[in-house]
K.L.:
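Next up is a structure, given as structure tokens.
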Amino acid sequence: MTSDSAPLTIAIDGPSGSGKSSVSKAVAARLGIGYLDTGAMYRALTWWCLDQGVDLADEAAVVVAAEALPLELSTDPEDQRVVVGGTDVTADIRSTAISSEVSKVATNTGVRPILQQAQRDRMAAIAEETGGVVAEGRDITTVVAPDALVRLLLTASEEARLRRRSAEVHGAVDEEAIAATRDQVLRRDRDDSAVSQFTVAADGVVTVDTSDLDFDESVEAVLAVVASLAAHARG
Ligand SMILES: Nc1ncnc2c1ncn2[C@@H]1O[C@H](COP(=O)(O)OP(=O)(O)OP(=O)(O)O)[C@@H](O)[C@H]1O
Ligand SMILES: Nc1ccn([C@H]2C[C@H](O)[C@@H](COP(=O)(O)O)O2)c(=O)n1
């Protein structure tokens, strides 16, 4: 049970290309609440380490970098900006160079608790400021915010995820483009799943399979689950 004025905390996990970021942003915008892209935090740390000449294989050095990460992350779902040490890296952290390396940072078990605590703190601040928060990643429903009012696993078939990412990155969904996308989607998920479970819903987490839904239908499906669970929680 929670009161009507309790913040609307929404946790969304899922594999690469399932639509977490784009759907979460649209859901937050529709609900008029803030948004936290936790993957952007792992990406920003990866960018920072490479910029500072920190060897990603040196786990202790990456932990030190995580502790001091000078990160600014906007919370407006319609204006996402990532700034590290005064440099706007919003576009750079989406590059293939960062996507190929980020799992080395995300699977560093010294880094995870530092970023997880930072994510809890950010979720609380955003929820207080905007009345709610949509936070998405790989371990939000299970580790970062297991007490969130709404917990969702967004999934899609491997084929759908490869097609989506391929269209986004290469502007095509032919064989060649899909082959070039495999590392960013399947290899990364394989590596990342060594430290988080994001393919099967944990107890109490609702699965939304978007394989056969278009983008707008996916947003509506998530909003329907949010409405139903929030109404239930608020009695
Ligand atoms: N239901 C959908 N139907 C078609 N395309 C979609 C759907 N959901 C998302 N997309 C598109 O798929 C691409 C990947 O989506 P998005 O970046 O949100 O995935 P993600 O789960 O956050 O991936 P990652 O974890 O790798 O960042 C985007 O171009 C997005 O617009
Ligand atoms: N809560 C999270 C969020 C992200 N990661 C990892 C997994 C990805 O390889 C990387 C970037 O995430 P993306 O922007 O692609 O969603 O960060 C994680 O381990 N835990």
K.L.:
Do I140 and L154 belong to the same hydrophobic cluster, where Ile, Leu, Val, Met, Phe, Trp and Tyr are linked whenever their side-chain heavy atoms lie under 4.5 Å apart, directly or via other members?
P.N.:
no
K.L.:
Transitively linked via ILVMFWY side-chain contacts under 4.5 Å: W47 with V83?
P.N.:
no
K.L.:
Which pairs count as salt bridge (Lys or Arg N to Asp or Glu O under 4.0 Å) when at least one residue sits in residues 165-180, sequence neighbours excluded?
P.N.:
R165-E168
K.L.:
Distance-only, no hydrogens or angles: does the R151 side chain make a donor-acceptor pair with backbone N or O of A11 under 3.5 Å?
P.N.:
no
K.L.:
For a quick check under 3.5 Å, do Q117 and R120 share a side-chain donor-acceptor pair by atom type?
P.N.:
yes
K.L.:
Checking S74 now: which residues fulfil side chain to side chain contact (heavy atoms under 4.5 Å, CB included) with it, not counting sequence neighbours?
P.N.:
Q80, R81
K.L.:
Taking side chain as C-beta onward, heavy atoms only, is K20 less than 4.5 Å from R138?
P.N.:
yes
K.L.:
Donor-acceptor pairs under 3.5 Å, side chain of residues 32-40 to any protein atom, not counting sequence neighbours: which ones?
P.N.:
residue, atom, partner, partner atom, Å
Y35, OH, E136, OE2, 2.6
D37, OD1, G39, N, 3.1
D37, OD1, A40, N, 3.0
D37, OD2, R94, NH2, 2.9
T38, OG1, E136, O, 2.7

K.L.:
Which pair of non-hydrogen atoms, one from R164 and one from A156, has the smallest distance, and what is that distance?
P.N.:
NH1-CB, 3.7 Å
K.L.:
Could you pull out every donor-acceptor pair under 3.5 Å between side chains of residues 48-56 and any protein atom, sequence neighbours left out?
P.N.:
residue, atom, partner, partner atom, Å
D55, OD1, A57, N, 2.9

K.L.:
If you apply the rule side chain to side chain contact (heavy atoms under 4.5 Å, CB included), what do you find for L8 with V133, and how did you get there?
P.N.:
CA-CA 6 Å; L8 180 54; V133 58; over 6 Å; no
K.L.:
For A180 and H170, which heavy atoms make the closest approach, and how far apart are they?
P.N.:
CB-NE2, 3.6 Å
K.L.:
When you measure from the side chain of R112 to the backbone N and O of A106, does any donor-acceptor pair fall under 3.5 Å?
P.N.:
yes
K.L.:
Going by side-chain heavy atoms closer than 4.5 Å, which hydrophobic residues are tied to V205, directly or by a chain of links?
P.N.:
L153
K.L.:
Considering only heavy atoms from C-beta outward, does the side chain of V84 approach that of P70 to under 4.5 Å?
P.N.:
yes
K.L.:
Of all heavy-atom pairs between I178 and V173, which one has the smallest distance, and what is that distance?
P.N.:
CD1-O, 3.6 Å
K.L.:
Output every pair passing salt bridge (Lys or Arg N to Asp or Glu O under 4.0 Å) with a member in residues 187-205, not counting sequence neighbours, ordered by first then second residue.
P.N.:
R161-D189, D183-R187, R187-D191
K.L.:
Would you please say whether a donor-acceptor pair under 3.5 Å links the side chains of R163 and T181?
P.N.:
no
K.L.:
Measuring from H232:NE2 to S228:OG, what's the distance to the nearest 0.5 Å?
P.N.:
8.0 Å
K.L.:
Should T46 and I93 count as side-chain neighbours, where that means a heavy-atom distance under 4.5 Å?
P.N.:
no
K.L.:
What's the shortest heavy-atom distance between A202 and T142, and which atoms?
P.N.:
CB-CG2, 3.8 Å
K.L.:
Give a yes or no on whether the backbone of F198 and the side-chain of D13 come within a donor-acceptor separation of less than 3.5 Å.
P.N.:
no
K.L.:
Counting distance only, does the side-chain N/O of S157 pair as donor-acceptor with the main-chain N or O of A160 below 3.5 Å?
P.N.:
yes
K.L.:
May I ask you to decide if S193's main-chain N or O and S196's side chain share a donor-acceptor pair within less than 3.5 Å?
P.N.:
no
K.L.:
What's the shortest heavy-atom distance between L213 and S218, and which atoms?
P.N.:
CB-OG, 3.6 Å
K.L.:
Side-chain heavy atoms under 4.5 angstrom apart, residues restricted to Ile, Leu, Val, Met, Phe, Trp, Tyr: same cluster for V144 and V195?
P.N.:
no
K.L.:
Nearest 0.5 Å, please: how far is OG1 in T130 from CG in L31?
P.N.:
10.0 Å
K.L.:
Strictly distance-based, threshold 3.5 Å: is any side-chain N or O of T9 a donor or acceptor partner for the main-chain N or O of L149?
P.N.:
yes
K.L.:
Checking S166 side chain against A172 main chain: does a donor-acceptor pair fall under 3.5 Å?
P.N.:
yes
K.L.:
Would you please test R43 and E101 for side chain to side chain contact (heavy atoms under 4.5 Å, CB included) and show each step?
P.N.:
CA-CA 9 Å; R43 289 175 180 271; E101 297 293 298; over 6 Å; no
K.L.:
Measuring only between side-chain heavy atoms, which start at C-beta, is V27 closer than 4.5 Å to V219?
P.N.:
yes
K.L.:
Do the side chain of T90 and the main chain of V82 share a donor and acceptor less than 3.5 angstrom apart?
P.N.:
yes
K.L.:
Heavy atoms, side chains only, cut-off 4.5 Å: are T155 and V208 in contact?
P.N.:
no
K.L.:
In terms of hydrophobic clusters joined by side-chain contacts under 4.5 Å, are V143 and I12 together?
P.N.:
no
K.L.:
Taking the side chain as C-beta and beyond, is there a heavy-atom pair between V63 and I114 under 4.5 Å?
P.N.:
yes
K.L.:
Is E217 atom CD crowded by more than 12 heavy atoms from other residues, nucleotides or ligands, each under 6.0 Å away?
P.N.:
yes
K.L.:
Sort out for me which residue in V150, V222, V225 forms a side-chain contact (heavy atoms from CB on, under 4.5 Å) with V206.
P.N.:
V225
K.L.:
Can you confirm whether D92 sits close enough to I98 that some side-chain heavy atom of one is under 4.5 Å from a side-chain heavy atom of the other?
P.N.:
no
K.L.:
Within the distance-only criterion (no hydrogens, no angle test), does the side chain of N108 pair as donor or acceptor with the backbone N or O of V111 below 3.5 angstrom?
P.N.:
yes
K.L.:
Donor-acceptor pair, distance only, cut-off 3.5 Å: does the side chain of S18 make one with the backbone of P15?
P.N.:
yes
K.L.:
Distance from D88 atom CG to E72 atom CD, nearest 0.5 Å?
P.N.:
9.5 Å
K.L.:
Are M123 and Y42 connected into the same hydrophobic cluster when the rule is that any two of I, L, V, M, F, W, Y join if their side-chain heavy atoms are below 4.5 Å apart?
P.N.:
yes
K.L.:
Heavy-atom distance under 4.5 Å between the side chains of M41 and Q119, does that happen here?
P.N.:
yes
